[in-house]
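Note that this is a predicted model, so its numbers are computed, not measured.
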Amino acid sequence: MHTKTMEGLIGARTNIDMLNTPFRVYKEARRKGDTAMMERAMGYMSDFHEDAYEYKEEADEGMKKDAEETREIAEKQREEMIQNRREEREEQQKKLEEERKENKGDKIVDTVEISEDGRVLLKENTQAAGSDADGTDVETGTSPKPKADLEPVFYSSAGEVKQSEDTGVKVSTSV
């Protein structure tokens, strides 16, 4: 809290509290009919009232300064956060570029292998559906699809189709 705000609030509160004393004197003088004492009490009340409003204005100025300082601090923090994010992003991009340069000659490959249980389930499912493991229909002996369509197909980075060298149950993909 800004010092002007504290001084203003304390001063306004004090002057409003001090306003009660001349007001009581004014009421008492009015009961007695003493107009001179009433005028003096009204003068004191007016002075305290003016002082209270001056302190109120000082408190308002202090609160405006508090708000400005808070805004400035928040803006600085936002700018620092933005700068930190930019630096982090630049560092991440540099790391990615370095990794790309390092891995440029290397092929990154993921391999999926089907277990023996999986092969057995595959055979059972294809036989239960009415076809052999190679896709030929058990009843008619004909293949619904050419055998070339059943073989794995790989795509190059240019999008060209390449036939698989290994016709086993392994599937490799490159990213």
Side-chain angles (χ1 to χ4, degrees), residues 1-14 16-17 52-175:
M1 185 178 275
H2 200 269
T3 56
K4 274 193 166 187
T5 305
M6 290 188 305
E7 288 176 4
L9 292 173
I10 292 169
R13 172 69 181 187
T14 304
I16 290 296
D17 287 344
Y53 272 101
E54 287 175 10
Y55 279 112
K56 179 193 172 292
E57 290 171 2
E58 188 174 337
D60 289 342
E61 289 175 20
M63 289 193 308
K64 285 180 185 177
K65 287 185 179 181
D66 278 342
E68 288 173 12
E69 289 175 2
T70 304
R71 249 183 268 124
E72 289 173 3
I73 291 170
E75 184 64 29
K76 286 180 185 178
Q77 288 175 346
R78 268 189 245 117
E79 289 174 4
E80 288 175 4
M81 289 174 63
I82 290 170
Q83 185 63 28
N84 289 340
R85 287 182 190 152
R86 286 181 185 156
E87 290 173 0
E88 288 174 2
R89 205 174 306 133
E90 289 173 2
E91 289 176 11
Q92 287 176 350
Q93 287 177 350
K94 288 178 184 177
K95 286 180 183 178
L96 285 174
E97 289 174 7
E98 289 175 6
E99 289 177 6
R100 286 179 187 158
K101 288 178 184 176
E102 290 174 4
N103 295 332
K104 195 170 190 177
D106 301 340
K107 288 185 178 179
I108 301 174
V109 178
D110 291 336
T111 304
V112 176
E113 237 179 273
I114 300 175
S115 68
E116 289 298 322
D117 294 337
R119 289 180 194 165
V120 171
L121 285 173
L122 176 66
K123 284 183 182 179
E124 289 175 3
N125 287 338
T126 54
Q127 288 174 356
S131 62
D132 263 343
D134 65 350
T136 58
D137 192 348
V138 175
E139 293 176 12
T140 62
T142 60
S143 177
K145 293 186 178 178
K147 187 171 178 157
D149 287 343
L150 297 175
E151 293 183 17
V153 178
F154 295 95
Y155 294 94
S156 68
S157 59
E160 299 171 353
V161 176
K162 292 187 177 181
Q163 290 299 324
S164 147
E165 296 167 4
D166 182 21
T167 58
V169 290
K170 293 183 180 179
V171 178
S172 298
T173 59
S174 71
V175 180

Across all chains, not counting sequence neighbours, the side-chain contact (heavy atoms from CB on, under 4.5 Å) partners of Ala59 are Leu9
How would you list, by chain and number, every residue that makes a side-chain contact (heavy atoms from CB on, under 4.5 Å) with Gln83, sequence neighbours excluded?
-> Arg86, Glu87
Can you name the residues that form a side-chain hydrogen bond (donor to acceptor under 3.5 Å, both in side chains) with Arg78, not counting sequence neighbours?
-> Glu75
Does Glu88 have any side-chain contact (heavy atoms from CB on, under 4.5 Å) partners at least two apart in sequence or in another chain, and if so, which?
-> none
Find the distance between CD (Glu97) and CD (Gln93) and round it off to the nearest 0.5 Å.
-> 6.5 Å
Once you round to the nearest 0.5 Å, how far does CD of Glu80 lie from CD1 of Ile82?
-> 10.5 Å
Does anything in residues 60-70 pair up under salt bridge (Lys or Arg N to Asp or Glu O under 4.0 Å), and if so which pairs, sequence neighbours excluded?
-> Lys4-Glu61, Lys56-Asp60
Shortest non-hydrogen contact between Ala52 and Ala12, atoms and distance = O-CB, 3.7 Å
Under the side-chain hydrogen bond (donor to acceptor under 3.5 Å, both in side chains) test, residues paired with Glu90 that sit two or more places apart = none
Tell me, please, which residues at least two apart from Glu116 pass side-chain hydrogen bond (donor to acceptor under 3.5 Å, both in side chains).
-> Arg119
